[in-house]
2 protein chains.
Amino acid sequence: MPPPRASALGVPPPVRRAPGRPREQILNRDLIADAAFAQIRTSGLRGLTMRALARRLAVTPSALYNHVASRDAVLALLQERFAATLDTTGFGILPLRDALSKWAWSYLERLRERPELVPLIVAVPLAHTPYTTLMYQRVVTGFSAAGWPDESIIAAMSVLETYIFGAVADSESPDDVYRPKDPERSPLLARTTAAFAATVAERGRRPRDLLFEIGLEALLTGMHHRWGSSGRTRA
Amino acid sequence: MPPPRASALGVPPPVRRAPGRPREQILNRDLIADAAFAQIRTSGLRGLTMRALARRLAVTPSALYNHVASRDAVLALLQERFAATLDTTGFGILPLRDALSKWAWSYLERLRERPELVPLIVAVPLAHTPYTTLMYQRVVTGFSAAGWPDESIIAAMSVLETYIFGAVADSESPDDVYRPKDPERSPLLARTTAAFAATVAERGRRPRDLLFEIGLEALLTGMHHRWGSSGRTRA
DNA sequence: ACCTGAACACCGTTCAAGT
DNA sequence: ACCTGAACACCGTTCAAGT
């Protein structure tokens, strides 16, 4: 597959501009971040190239380097803005399990809107971005206030995050991946997929939402069982 | 970050060969697949370029196109070989929980070796590939023989798979993503990351392996709790 | 049929020149 | 200080030429 051709659709006509410092500044980090989100939305992480970003902003690629150090710095900028959209309002107010559920569902929903950010979130070291650190601090404080032992907390949070990443990956999957093409040759697979479909219909949920909930509750129950925290203590 | 420089380390010296059809055929799809696996192992998916692949095979890049249609076709070739490598030998022999653990660990390990296959595995309907249907049938039969109710089995298997996909995504993440850059400003985050690191050291495990085990056990415990299966019955 | 080598259209990043 | 434009070292893919 050849690389996608540059398309002028939706891109403003290139502004011919004389070299040298412009009278009014054209770029700033906010404009770059907005354009990067737009670019990643239409073309994916692979399509977020410095040249494409520059085209979208009607500047030359090298102009970007006056505001960001590298392409990786652009990715960090996006990650920072993503972390700020997660719902941590439950911690300190609701019981831990409810606060975690609120956080996890918002995390899933935000990532489902932008699944292309998963590789980004996973790849960029969070510790270097201030807002992201703050977000994790809130979650960890929630666990700690609910009485979970120190050595359990990072593991519990990390496992939840792992599960969320997997659920996002699954979001792009069709609903009936397991249904056999030939039911007669795989009767048990046919029967269990039908039974699950019946449960889904009965509850009136979207299959992947029901699955997410089942896994989330199983994880919280299982980890509570392991570490002996109540999971119902106020965070 | 500039792109990695081409390195001649481990690459055989280029064979000067006259143009035109060689007397003996040099390439075939098996050789290409083997070289692609080797390349991906040493340099990651990003490092699996057609040029690098060609260098490894001591041919020019364009020679590859006599045997594969595109770079994507190379990835599909790798995916074909994946399905047959998962360990389902525990089902019907070991207790369900052990059989599942064996399957899940092999799944994780195979995908960690080739994480670029995750999007393909998720997107491509499994029912169309012969090995994969057989593989899922074995897993489902294991649950059923252990007494799990029909409506629980697809959900349980799906949630496990979701968690595995997430764990694979995390495999590319650095180990210390949560450690704050400034411990004084995030004392609880500093304390809990240290406590987790201590647990890891004490058990002598790799951090992500310990995390995977914790989540896997939590999921199985939690789902067992929900559906009341023993999880210890022979599969 | 199956290889080489040149070519085309990309990519991230650097840097001198210009205002 | 902040832009342009040329340059460097990459990339996937195509295709005429050669045996």
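Residues satisfying the side-chain contact (heavy atoms from CB on, under 4.5 Å) criterion with Tyr131(A), sequence neighbours excluded, are Glu80(A), Ala83(A), Ala84(A), Leu134(A), Arg138(A). With sequence neighbours left out, Phe212(A) forms a ring-ring contact (aromatic ring centres under 6.0 Å, His included) with Trp105(A), Tyr163(A). Checked against salt bridge (Lys or Arg N to Asp or Glu O under 4.0 Å), Glu109(B) has no partners two or more places apart in sequence or in another chain. With sequence neighbours left out, Asp87(B) forms a salt bridge (Lys or Arg N to Asp or Glu O under 4.0 Å) with no residue at all. Applying the salt bridge (Lys or Arg N to Asp or Glu O under 4.0 Å) rule to Arg46(A) yields no partners; only residues at least two apart in sequence or on another chain are considered. Evaluation of the salt bridge (Lys or Arg N to Asp or Glu O under 4.0 Å) rule for Arg112(B) yields Asp209(B) as partners, not counting sequence neighbours.
Protein atom CG of Leu75(A) is 11 Å distant from nucleotide atom P of dG12(C), rounded to whole Å. Rounding to whole angstrom units, CD of residue Gln25(B) and P of dC2(C) are separated by 5 Å. Rounded to a whole Å, the CG atom of Leu53(A) is 12 Å from the C1' atom of dG12(C). In this structure, Leu31(B) places its CG atom 13 Å from P of dC2(C), rounding to the nearest Å. The CZ-C1' distance, from Arg23(B) to dT4(C), rounds to 16 Å in whole Å. Protein atom CG of Leu64(B) is 12 Å distant from nucleotide atom P of dT14(D), rounded to whole Å. Going from atom CG of Leu57(A) over to atom C1' of dT4(D) covers 15 Å, rounded to whole Å. Taking atom CG on Asn66(B) and atom C1' on dG18(D), their separation rounds to 13 Å, with Å as the unit.
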Enumerate the protein-to-nucleotides 5-7 of chain C contacts in which both atoms are nitrogen or oxygen and the separation is below 3.5 Å.
unit_1, atom_1, unit_2, atom_2, d
dG5(C), OP1, Arg16(B), NH2, 3.2
dG5(C), O6, Ser62(B), OG, 2.3

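Among the nucleotides dC3(D), dT13(C), dC3(C), the one closest to the side chain of Pro22(B) is dC3(C). For Arg21(A), counting side-chain heavy atoms from C-beta on, the closest listed nucleotide (dG12(D), dT13(C), dA1(D)) is dA1(D). Checking dT13(D), dC2(D), dT13(C) against the side-chain heavy atoms of Tyr65(A) singles out dT13(C) as nearest. When the nucleotides dT13(D), dC11(D), dT4(C) are ranked by their closest atom to the side chain of Val59(B), dT4(C) comes out on top.
Not one side-chain nitrogen or oxygen of His67(A) sits closer than 4.0 Å to the OP1 or OP2 atom of dA1(D).
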Enumerate, atom names and distances included, each donor-acceptor pair closer than 3.5 Å involving a side-chain atom of residues 194-204 of chain B, sequence neighbours excluded.
unit_1, atom_1, unit_2, atom_2, d
Thr199(B), OG1, Ala195(B), O, 3.0

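Side-chain atoms of Arg29(A) come within 3.5 Å of backbone atoms of His67(A) as a donor-acceptor pair (strictly under, hydrogens ignored).
Nearest-nucleotide positions on DNA chain D for Pro61(B) and Gly20(B) put Pro61(B) closer to the 5' end.
The aromatic ring centroids of Phe165(A) and Phe165(B) lie 6.0 Å or more from each other.
In DNA chain D, consecutive stretches of 3 or more Watson-Crick or G-U wobble pairs with both distances under 3.5 Å are given as paired ranges: C:4-8 with D:12-16, C:12-16 with D:4-8.
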